[in-house]
Amino acid sequence: MKAPQLPPFNCQPQPYTGPSAAEVLALRKAHVNPAIFHYYKEPLMIVEGRGQYVFDERGRRYLDAFAGIVTVSVGHCHPHVVAAANAQNDRIQHTTTIYLHPNLPAYAAALAAKMPGNLKVCYFVNSGSEANDLAILMARAFTGNFDVVALRNGYHGGSPGTMALTAHSTWKFNVAAPAGVHHALAPDRYRGPWGYDEPAAGAKYAADVSELIGFTTPGKVAAFIAESIQGVGGAVVFPDGYLRDVYATVRAAGGLCIADEVQAGFGRTGTHFWGFETQGVVPDIVTMAKGIGNGAPLAAVVTTPQIAQALTSRIHFNTFGGNPVCCAIGKAVLEVIEREGLQANSLRVGEHLLAGLRRLQEKHSIIGDVRGHGLMIGVELVRDRATKEPAKAECAAVFERARELGALIGKGGLHGNVLRIKPPMCITASDADFLLEVLDAGLGGL
Ligand SMILES: Cc1ncc(COP(=O)(O)O)c(C=O)c1O
């Protein structure tokens, strides 16, 4: 069989003159956190990127279908984003919020304009974990309640507070976790008790949140937090009506509803700018990171003026939050999404990919489930469609083969058996066809 061919691309990487991958790996082993892992048996070194492609040190081009873990939203080194960063870097890089700088409120106004309802006040921080920590603090300060409901199969970060919200044993250290966090059933129609054939699945999963509040909390909660589509958990899309019912339950128990848009936001779902909009709800607090900065360390929390008042009783300060360079980048990212119609492209290419993956599902029995929304896609591999035994080793083999053939994808789910496809939103239909050929070859080789 002919090897799949990457679509042509008019860009030559610059010659690479730095240390070899082996040298970089050796230095990393000697001096860098040993708990971080690298993808692939032979680690890949990426030294340049353009649009939806990256180049290794030998100049080989790959389709980046994982976007640096769902972070490069508008494409690697997008000229408008690079120009905005360079222009600001040239003038002043850091001031902090104790002085005025025009970039911070200008960006906050642009971001607030993308939000529904009264979500008009922005806080800027550096990472998704920080954003979620701040959101929980805000909910507790505003409501006077303490307990928080999160979801199993959710990922919200690696700080002590967000590790408690996260519900994957793989990401949780065996230390005393902050108290007051309760995990409801993941509304996962593939693995959970109510499947795709259950029309009332949304209400049934939502009823578990009501039970959880009734049995495990004082009946009052500070917040409910959920990713709008579970990312690390393998692109789990909630049944219709789920968030609507949960939000009603949580609000009746005095709590605020927090949407973690770290992966699903900024147009990636295609049909909507924010993932929560696919469920027809308006949260009280929205957290964002990753795609917001196209790779810059930028994250945000957006809430209503009333809720924001709760944090004025003490000083809330973040040294890098609102940094002029990051704000320039964030604003440029919003402009690119708008000008280049990247939300519409996510819908178009995402539907094309999903249709192709469903065809592959008919051909390869190892594909148990194909799910997603726009360019947030998961392909769950199982050894047996009846028992749903996770096909972890097989998933790793397809993932390795895809790299050999020139496509970088992600892996996820508690059992590591879900292929994650979340490319920069500038990916084309030809790239999608290439990726489908790669996956077909990888699955065919099992
Ligand atoms: C949904 C979600 N929330 C929060 C985070 C934490 O973000 P960060 O790694 O920037 O702290 C992540 C990171 O993967 C995420 O996927």
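What you see is a predicted model; the values in this text were computed from it and never measured. Every number for a ligand or one of its atoms is a count from 1 in the order of the listing. For the numbers below, each heavy atom of this structure counts, side chains included, while hydrogens, waters and symmetry mates do not.
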Taking the side chain as every heavy atom from C-beta outward, state whether Gln263 and Tyr155 have any atom pair closer than 4.5 Å.
no

For Glu227, the atoms of ligand 1 under 4.0 Å from one of its heavy atoms are 1 (C)

Checking Leu256 against Thr143 for the side chain to side chain contact (heavy atoms under 4.5 Å, CB included) test, could you report, in this order, the C-alpha distance in whole Å, the side-chain angles of both residues, the deciding distance, and whether it holds?
CA-CA 8 Å; Leu256 299 183; Thr143 62; 3.9 Å; yes

Closest protein heavy atom to atom 16 (O) of ligand 1, given as residue, atom name and distance to 0.1 Å
Gln263 NE2, 2.8 Å

Atom 10 (O) of ligand 1: nearest protein contact (heavy atom, Å):
Gly128 N, 2.8 Å

For ligand 1, does His156 get within less than 4.0 Å through its side chain, its backbone, both, or neither, judged by non-hydrogen atoms?
backbone

Can you report which non-hydrogen protein atom sits closest to atom 2 (C) of ligand 1, along with the distance?
Tyr155 O, 3.3 Å

Over 12 non-hydrogen atoms of neighbours within 6.0 angstrom of CZ in Phe317:
yes

Measure the distance from atom 11 (O) of ligand 1 to every protein heavy atom, then report the residue, atom name and distance (to 0.1 Å) of the closest one.
Ser129 OG, 2.6 Å

List the steps and the verdict of salt bridge (Lys or Arg N to Asp or Glu O under 4.0 Å) for Glu380 and Lys388.
CA-CA 9 Å; Glu380 180 151 356; Lys388 299 184 182 169; over 6 Å; no

For ligand 1, which atoms, with element, lie under 4.0 Å from some heavy atom of Gly157?
6 (C)

Please say whether more than 12 non-hydrogen atoms of neighbouring residues, nucleotides or ligands are located less than 6.0 Å from OH in Tyr190.
yes

For Asn132, which part has a heavy atom under 4.0 Å from ligand 1: side chain, backbone, both, or neither?
side chain

Please list, in number order, the atoms of ligand 1 under 4.0 Å from a heavy atom of Ser127.
10 (O), 11 (O)

Testing the 3.5 Å rule here: is there a donor-acceptor pair between the side chains of Asp64 and Tyr53?
no

Is the charged tip of Arg403 near the ring of Tyr40: under 6.0 Å from the six-membered ring centre and within 45° of its axis?
yes

Between Asn294 and His78, a side-chain donor and acceptor under 3.5 Å
no

What is the nearest protein non-hydrogen atom to atom 3 (N) of ligand 1, stated with its residue, atom name and distance?
Asp260 OD2, 2.8 Å

With heavy atoms and a 4.0 Å threshold, my read on which part of Lys290 contacts ligand 1 is side chain

